[in-house]
2 protein chains.
Amino acid sequence: MNTDDFTVAQRIHDGFDGLTRAERQLANIILENYPVSGLGSITALAENAEVSTPTVARMARKLGFGGFPDMQKQLRHELEATISDPLTKHDKWAADAPDTHILNRFADNVIDNLRNTLKHLNAAEFDKIVALLSDTEHTVAVVGGRLSHTLASYFFTHMQMMRDGVTLIERNSSSWPHYLLSLKEGDVLVMFDMRRYEQDLLRFAEMAKARGVRIILFTDQWGSPAGKAATHQIHSRIEVPSTWDSSVVTMFILEAIISAVQSQSWESSKDRMEELEALFEKTRLFRKFI
Amino acid sequence: MNTDDFTVAQRIHDGFDGLTRAERQLANIILENYPVSGLGSITALAENAEVSTPTVARMARKLGFGGFPDMQKQLRHELEATISDPLTKHDKWAADAPDTHILNRFADNVIDNLRNTLKHLNAAEFDKIVALLSDTEHTVAVVGGRLSHTLASYFFTHMQMMRDGVTLIERNSSSWPHYLLSLKEGDVLVMFDMRRYEQDLLRFAEMAKARGVRIILFTDQWGSPAGKAATHQIHSRIEVPSTWDSSVVTMFILEAIISAVQSQSWESSKDRMEELEALFEKTRLFRKFI
DNA sequence: TGCTTCTTGAAGAATATGTTTCAGAACGTA
DNA sequence: TACGTTCTGAAACATATTCTTCAAGAAGCA
């Protein structure tokens with residue numbers, strides 16, 4: 001026990017780059033439920049991580065232990081130290097940072113935002129939005145504001161993978177009239193407008209509504225003026241201890257919607273995905289999973 | 001496992017009167033450093049308590065377990081329950097939707113991701129990254145992959161508002177060599193590479209490193225191969241009940257970094273922000289806060 | 001004291017654990 | 001594509017653990 005000072009977690013972090021695929025998989029399982037997951041038998045741990053026992057033994061060596069039992073001993077030592085230390089109250093997020101560290105303050109805040117957003121979110125409304133977006137009878141256009149364009153782009157990228165007829169409207173509002181032309185009655189416009197609400201978006205929404213376009217609006221808790229033109233809207237909490245507002249909760253909702261659309265239209269999107277995979281494979285643009 | 005509800009400690013207390021001298025001696029050792037002392041081998045525990053191994057095995061039976069390993073299993077369960085954070089136990093997020101609604105499942109999952117990410121995030125490393133990004137002596141370039149380009153873009157947009165010398169590298173990798181040319185020793189490259197790690201990003205990272213560029217890598221829990229070239233890296237948990245991975249946690253970290261950079265360099269960025277405001281005002285592109 | 005019952009640990013048997021070896025798979029490279 | 005390298009898990013092996021047996025010793029009792 002010469003290098004007792006380094007925790008198993010620390011050694012994993014330090015040596016993470018040198019770990020192989022299976023070893024990383026294992027490392028993650030160990031860290032996931034740390035340190036309990038490492039206290040059982042080597043067999044149990046291996047099964048849990050879906051790797052072989054030799055992999056576990058090898059990694060223990062790689063991390064500088066004599067073997068698996070040696071590593072386990074270290075885990076027990078750490079646990080002992082942790083448990084006897086009353087300071088280890090788990091009211092902190094980033095364990096090694098003080099409560100007042102921005103990470104911890106931010107985390108508290110974002111969780112709060114998420115909780116409040118969901119509390120005031122109507123699940124039925126959510127489901128309707130998902131249904132609208134799954135309906136391939138109508139096209140979907142996505143538009144965002146100065147800062148929220150990123151969210152629009154993120155949403156577009158995923159939707160595009162799942163279905164036909166999805167357009168991302170350019171950032172520059174001078175081209176918007178052209179896009180408006182191709183939007184027909186019943187089509188869907190997904191709009192992002194967070195505080196510092198933008199005049200152009202409001203006008204765009206109004207004109208789209210006049211054409212019979214159905215608008216799904218993502219806005220903040222105070223609500224964009226474009227809300228008047230929207231068929232459905234989702235209000236996210238965006239305040240955080242920062243000069244800027246947070247997009248985390250909105251992104252959360254977007255991902256939930258994407259996931260729901262995907263599972264709703266799995267039959268049709270499955271083929272599409274496979275085709276896409278094949279295309280990527282052909283162009284060899286992307287490596288396979290390591 | 002029928003009487004799982006009783007902890008080992010409880011069973012010891014309840015059955016203490018029925019224990020023999022050697023067994024009591026053993027029981028005291030178990031309770032003394034509970035539950036760690038019971039997590040080693042039966043031999044170690046026996047030696048620790050100065051009794052024989054059969055005594056340990058017998059007592060485990062006596063307390064109602066199938067044997068020593070069975071008792072140990074229970075100890076690990078208890079430990080897990082103790083250690084795991086009660087914050088997760090938010091039965092429902094979206095109040096009017098069933099537990100199984102995608103919103104609730106997603107919320108549980110994302111919180112889990114956030115917790116695990118932060119638990120294994122090094123706050124010192126975070127602070128170093130913030131310092132690097134606050135240093136205006138060197139330029140900052142931001143690059144992302146197919147799906148993570150959005151994150152790169154989000155980060156860029158905010159950084160650009162706070163400081164000079166920030167570049168967003170185009171999506172199309174054929175133009176990357178040009179960007180490489182303008183990166184000098186000591187400059188900072190912020191890279192995003194999530195699973196389906198991209199070959200081009202790896203090569204870009206290697207070449208940048210060769211030029212003495214310091215790389216901040218945002219990757220997932222498994223780690224991009226570009227990690228070998230990175231000066232600092234942040235691993236986010238990205239798995240959610242969806243066909244795609246989640247960017248929520250990464251975005252959370254980004255926002256925290258942005259906020260930290262902002263407060264770190266407030267003196268210099270304040271003027272810049274005001275100038276920016278004035279410009280926006282002039283071009284009347286954006287309405288004031290309603 | 002002598003008898004019985006209970007407790008205890010040494011020793012060996014049964015079992016599970018941990019390690020090593022090795023061949024095939026996956027990967028990187030030319 | 002072909003080659004060399006690295007990674008991985010099945011299987012055999014060595015080792016440690018846990019359990020069982022059993023006899024010696026302690027404790028209680030007449």
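Chain letters run A, B, ... following the sequence lines, proteins first and then strands; every chain starts at 1. Every value quoted in this text rests on a predicted model; they were computed, and no experiment measured them.
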A.B. asks: Please report, rounded to the nearest Å, how far the P atom of dG18(C) is from the CE atom of M59(A).
C.D. replies: 14 Å
A.B. asks: Rounded to whole angstrom units, what separation is found between the CD1 atom of I42(B) and the C1' atom of dA16(C)?
C.D. replies: 13 Å
A.B. asks: For the residue pair T7(B) and E78(B), confirm or rule out a side-chain donor-acceptor distance under 3.5 Å.
C.D. replies: no
A.B. asks: When you check every protein heavy atom under 4.0 Å of nucleotides 4-11 of chain D, what one-letter string (B, S, -) results, 5' to 3'?
C.D. replies: ---SBBBB
A.B. asks: Checking N122(B) against Q10(A): is there a side-chain donor and acceptor pair closer than 3.5 Å?
C.D. replies: no
A.B. asks: Quick check on dT18(D): is either OP1 or OP2 less than 4.0 Å from any side-chain nitrogen or oxygen of R61(B)?
C.D. replies: no
A.B. asks: For side-chain hydrogen bond (donor to acceptor under 3.5 Å, both in side chains), just list the numbers for T167(B) and Y179(B), CA-CA rounded to whole Å, side-chain angles, deciding distance to a tenth of an Å, and then say yes or no.
C.D. replies: CA-CA 9 Å; T167(B) 320; Y179(B) 288 100; over 6 Å; no
A.B. asks: Give the angle between the helix axes at the two ends of the helix from dT1(C)-dA30(D) to dA30(C)-dT1(D), taking five base pairs at each end and rounding to 10°.
C.D. replies: 30°
A.B. asks: Does a donor on one side chain and an acceptor on the other come within less than 3.5 Å for S52(A) and T55(A)?
C.D. replies: yes
A.B. asks: Regarding R214(B) and H232(B), do their side chains bring together a donor and an acceptor under 3.5 Å, going by distance alone?
C.D. replies: no
A.B. asks: Using whole Å, report how far CG of D70(B) lies from P of dA16(C).
C.D. replies: 13 Å
A.B. asks: So do the side chains of F16(A) and L19(A) get within less than 4.5 Å of each other, counting heavy atoms only?
C.D. replies: yes
A.B. asks: Expressed as a whole number of angstroms, how long is the span from Q72(A):CD to dT19(C):C1'?
C.D. replies: 15 Å
A.B. asks: How many Å lie between CZ on R24(A) and P on dA26(C), as a whole number?
C.D. replies: 19 Å
A.B. asks: dA16(D) C1' sits how many Å from E47(B) CD, rounded?
C.D. replies: 13 Å
A.B. asks: Over how many whole Å does the gap from K228(B) atom NZ to dC27(C) atom P extend?
C.D. replies: 13 Å
A.B. asks: Rounded to the Å, how far apart are F68(A) CZ and dA16(C) P?
C.D. replies: 17 Å
A.B. asks: Salt bridge or not between E206(B) and K228(B)? Use side-chain N to carboxylate O under 4.0 Å.
C.D. replies: no
A.B. asks: May I ask you to check whether T219(B) and S224(B) show a side-chain donor-acceptor distance below 3.5 Å?
C.D. replies: no
A.B. asks: May I ask you to say whether K62(B) pairs ionically with E23(B), meaning some side-chain N is under 4.0 Å from a carboxylate O?
C.D. replies: yes
